[in-house]
Amino acid sequence: MRIASWNLNSIRSREAHLLRWLGEAKPDLVGLQETKVEDSLFPRAGLEAAGYQAAISGQKSYNGVALLSRQPLEDLRIGFEALLPGDSEAQQLGEQKRVISGSLEGVRIINLYVPNGSDLKSDKYSYKLAWLACLKRYLAVQRQQGEAFCLVGDFNIALEDRDLHNPARLTGGIMASEPERQALRACLDDDLHDAFRLFEPDTGHWSWWDYRSGAWDRDRGWRIDHLYLSEELQARALRSVIHKQERGQEKPSDHAPVSVDISDEVDDEADEEADDGFMDQ
DNA sequence: ATGCCCATGTAACATGGA
């Protein structure tokens, strides 16, 4: 099973990119972020023609998440409030559409668009930290359910210095500050594993390049889009890839898609030979 | 140093992103 995540920066502006990429990468399950469209205007027709159905949670102009799948998802959950019914903060945070999850073949995918935070002195930064604290409570409930799960999305956090192009200048600032890194580590809690880092220890691999300052041409990027696997899925991980070529397209999103392949055989070892030749870069 | 670019909404900029 191939699971992917992509911040599209507007699905209506990027529909052609998405459809072409789906045909090339053929993911089974995709978490999308920043769809930037209310549900009634979500462009379903092209996706359905391409064999994908969409579970959506959107709003006008900002935010918005979706899950694409070839097979219908089971047990759809929208927002933190789906798992935290008595949590008033979860209710309040649900005004911004940033969380959607569903199950497929015994695997739950939780798709997130973590707030950016803007600036360390901004109210949006406190919002980001409160949001991550709520995510921790949400995951505590998820863990109690004993289901294999995959946490994907645009985290807007470079968790380690090897995840950004200029740590000397950028560490400590937004997307690389210790409080937000600590808040994300608390969510991962030693039992969620970064799929990409199972295979690639080196720096120099990015998933986001700023539109400004010629960041793409200078390869000044950050790795802020992640796929985290629970223990049972970590053992089944075959490879994880950043689909960097998508950032080089005409009128691209500022994010590249990321993906992980999970063995269908529950008893297989992680070092098993991969079963299909799709690669990038 | 600051903004650089891009999308949305609404109608020449304002807001948000990261």
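So that the names make sense, note that chain A is the first sequence line, chain B the second, and so on, each numbered from 1.
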Verify the neighbour count for atom CD of Glu38(A): are there more than 12 heavy atoms of other residues, nucleotides or ligands below 6.0 Å?
yes
Earlier contact from the 5' end, DNA chain B, for Ile11(A) and Ile224(A)
Ile11(A)
For Ser13(A), answer base if it contacts any base atom (sugar-phosphate contacts may also be present), sugar-phosphate if it contacts only those atoms, and nothing otherwise; contact means non-hydrogen atoms under 4.0 Å.
sugar-phosphate
Tell me what Asp225(A) touches on the nucleic acid: a base, only sugar-phosphate, or nothing, going by heavy atoms under 4.0 Å.
nothing
What does Asn116(A) touch in the nucleic acid at a heavy-atom separation under 4.0 angstrom: a base, only the sugar-phosphate, or nothing?
base
Going by side chain to side chain donor-acceptor pair (under 3.5 Å), name the residues that satisfy it together with Glu147(A), two or more places apart in sequence or in a different chain.
Ser103(A), Arg108(A), Gln142(A)
Just by distance, with hydrogens left out, do Asn9(A) and Glu34(A) show a side-chain donor and acceptor under 3.5 Å apart?
no
Nearest heavy-atom pair of Glu81(A) and Ala90(A): which atoms, and what distance?
OE1-O, 3.6 Å
Tell me what Tyr113(A) touches on the nucleic acid: a base, only sugar-phosphate, or nothing, going by heavy atoms under 4.0 Å.
sugar-phosphate
Once you apply a heavy-atom cut-off of 4.0 Å, does Asn63(A) come out as touching a base, just sugar-phosphate, or nothing?
nothing
Hey, can you tell me if Phe80(A) and Trp131(A) have their rings parallel, tilted or perpendicular (30° and 60° cut-offs)?
tilted
Given that Lys60(A) and Trp208(A) both sit by DNA chain B, which one's nearest nucleotide is further toward the 5' end?
Lys60(A)
What distance, rounded to whole Å, do you find between the two P atoms, one in dT15(B) and one in dA1(B)?
26 Å
Quick one: sort the His255(A) and Trp208(A) rings into parallel, tilted or perpendicular, breaks at 30° and 60°.
tilted
Take atom C1' in dT10(B) and the same atom in dG16(B), then report the distance between them in whole Å.
16 Å
When the C1' atoms of dT2(B) and dA18(B) are compared, how many Å lie between them, rounded to an integer?
16 Å
Write down the distance separating the P atoms in dC4(B) and dA14(B), rounded off to the nearest Å.
13 Å
Positional range of nucleotides in DNA chain B within the contact set of chain A, heavy-atom, under 4.0 Å
dC4(B) to dA18(B)
Aromatic plane relationship, Trp216(A) with Trp209(A) - under 30° parallel, 30 to 60° tilted, over 60° perpendicular:
perpendicular
